[in-house]
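A short worksheet on the structure shown next.
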Amino acid sequence: MASITLNHVAKHFGPKVAIADIDLKVEDGEFLVLLGPSGCGKSTLLRMLAGLETVTSGEIHVGGKRVDQLPPSARDMAFVFQSYALYPHMTVRRNIAFPLIMRQFKWWFHIPLIGGLAKRRIENSPAVRDLVEKTARTLSLTDMLDRYPRTLSGGQRQRVALGRAMVRQPEVFLMDEPLSNLDAKLRSAMRAEITRLHGRVGGTFVYVTHDQVEAMTMGTRIALMRDGVIQQFGTPREIYTAPANTYVARFIGTPPMNLIEAALEPGALRIGHVALPFAKAPAGGEAGQGGVILGIRPNALTVSPAAGEQAGVGQAGLFGTVSLVEHVGAESVIAVKLSDGTTAHEEEGAVPGEIMVTVQGYSELKPGDPVTLGADLSEAVLFSRETGRRI
Ligand code: ATP
């Protein structure tokens with residue numbers, strides 16, 4: 001097992017800065033998820049760890065040893081790719097045994113007949129057989145050892161790829177979107193499989209994904225990246241409940257956290273013309289009194305029909321009009337256009353003034369219905385309007 005430390009690691013491709021200047025410490029046995037949108041640099045960071053990409057500057061240490069100048073083979077890390085990368089002409093057994101065969105590689109293995117015999121001998125040696133069979137048992141591949149990759153399903157192939165990584169018993173497992181080629185059901189089964197694998201083999205895992213559900217369910221800690229910069233490094237819970245900035249707030253959660261322009265007043269938070277009681281004074285002076293962004297999760301809001309009242313500016317509470325209702329099994333997601341108040345969502349396609357509310361069960365509300373909104377501000381977070389950082 002090994003800890004991983006990155007000191008001021010940067011990667012430039014000509015003028016393009018893929019990784020800006022990253023400092024990171026991953027503890028022994030951790031499951032680190034590198035999460036972020038396409039192009040944020042997560043694969044580049046993983047490839048630098050593996051030695052498949054050079055670093056432009058900075059240092060990488062694994063288990064206290066500097067590795068950034070070492071070739072991939074000297075780093076004691078196993079890499080699992082999105083595209084399985086199995087050898088199609090080899091059985092599952094040979095695919096899994098392959099790293100062990102290569103450990104004993106001699107130049108004359110290239111000579112067809114002699115090389116073939118030598119490889120088979122290593123594959124059939126008791127130590128290699130035992131290890132391959134033990135690995136196959138762990139991954140429920142025992143019945144498939146003599147089959148070829150083309151006869152396996154995507155999930156089974158990915159398990160073989162995991163087996164080939166495990167058999168080396170590396171200190172560090174590196175995985176680049178290993179589940180992205182699988183269908184939704186298989187993906188969730190393999191998610192659990194990899195989490196269990198981590199529990200059993202106990203190595204340090206670094207896992208790249210753009211899927212927040214994978215990150216939240218598998219990671220012991222998440223590094224959420226954007227444009228080559230880590231936006232937040234923390235446990236899934238920290239990232240969910242205390243996002244470092246508005247970007248993190250909007251990246252995690254489905255639907256994402258609502259961001260609403262607000263003003264701090266003594267004992268109250270004002271949205272448009274409505275003052276909501278708010279006792280939580282912000283720590284630190286970044287916002288002071290005045291303009292802030294209120295971050296509130298869709299499940300901390302409630303909606304009810306605004307019976308007999310006009311959907312407009314109300315002094316007692318927030319009003320709005322339903323613009324969309326989606327029934328998602330056990331809950332309903334309701335989009336509400338605020339009658340008074342402005343949102344601070346930055347993304348393209350976000351409707352100004354529209355917030356999301358999730359409610360349990362089947363909502364009978366319909367587009368056009370006027371509603372009143374209730375807000376549980378006890379779990380709300382505030383962000384600076386200037387910097388976007390949490391206050
Ligand atoms: P994805 O999820 O789409 O794979 P990513 O977060 O893994 O994205 P990277 O592949 O690490 O992103 O790429 C980060 C940035 O560096 C991108 O803008 C990409 O275009 C750029 N980049 C990556 N490799 C090279 C290269 N060999 N030459 C030039 N630019 C590159």
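Every number for a ligand or one of its atoms is a count from 1 in the order of the listing.
Note that CG of Leu86 and CZ of Phe98 are 11.5 Å apart. Values are rounded to the nearest 0.5 Å. Atom CG of Leu35 sits about 11.0 Å away from atom CD of Gln231, to the nearest 0.5 Å. The CD atom of Glu59 sits 10.5 Å away from the OG1 atom of Thr5 when rounded to the nearest 0.5 Å.
Heavy-atom distances between Gly41 and ligand 1 reach below 4.0 Å in at least one pair. Not a single heavy atom of Arg47 sits closer than 4.0 Å to an atom of ligand 1.
Not one N or O of His210 is nearer than 3.5 Å to an N or O of ligand 1, by distance alone. Remark: ligand 1 and Gly39 share an N or O pair separated by less than 3.5 Å (distance only, no angle test).
Residues Arg93 and Glu133 are paired through a salt bridge, judged by an N-O separation under 4.0 Å between the basic side chain and the carboxylate. Ion pairing of Arg297 with Glu379 is absent here, as no side-chain N (NZ or NE/NH1/NH2) approaches a carboxylate O to less than 4.0 Å.
Counting protein heavy atoms only, atom 2 (O) of ligand 1 is closest to Lys42 NZ, 2.7 Å. Residue, atom and distance of the protein heavy atom nearest to atom 11 (O) of ligand 1 are Thr44 OG1, 2.5 Å. The protein atom (non-hydrogen) at minimum distance from atom 18 (O) of ligand 1 is Lys16 CE, 3.1 Å. If you check which protein heavy atom lies closest to atom 31 (C) of ligand 1, you get Phe13 CD1, 3.3 Å. When hydrogens are left out, the protein atom nearest atom 7 (O) of ligand 1 is Ser43 OG, 2.6 Å; that is the closest non-hydrogen contact. With respect to atom 16 (O) of ligand 1, the closest heavy atom belonging to the protein is Ala18 CB, 3.5 Å. Nearest protein heavy-atom neighbour of atom 3 (O) of ligand 1: Ser38 OG, 2.6 Å.
Side-chain N/O atoms of Asp211 and Thr209 include no donor and acceptor closer than 3.5 Å. Using modelled atom types, one finds no donor on one side chain facing an acceptor on the other under 3.5 Å when comparing Thr44 with Glu53.
Counting non-hydrogen atoms of other residues, nucleotides and ligands closer than 6.0 Å to NZ of Lys65 gives a total of 12 or fewer.
Ligand 1 places these atoms under 4.0 Å from at least one heavy atom of Pro37: 6 (O). Taking every non-hydrogen atom of Glu177 and a distance limit under 4.0 Å, the qualifying atoms of ligand 1 come out as 2 (O).
By the criterion of a heavy-atom distance under 4.0 Å, neither the backbone nor the side chain of Met225 is placed next to ligand 1.
Taking both residues in full, the closest heavy atoms of Phe31 and Met218 are given as CG-O, 3.5 Å, listed atom of the first, atom of the second, then distance.
Met190 pairs in a side chain to side chain contact (heavy atoms under 4.5 Å, CB included) with only one of the listed residues (Lys185, Arg159, Glu214), which is Arg159.
Within a 4.0 Å radius of atom 26 (C) of ligand 1, the protein contributes at least one heavy atom.
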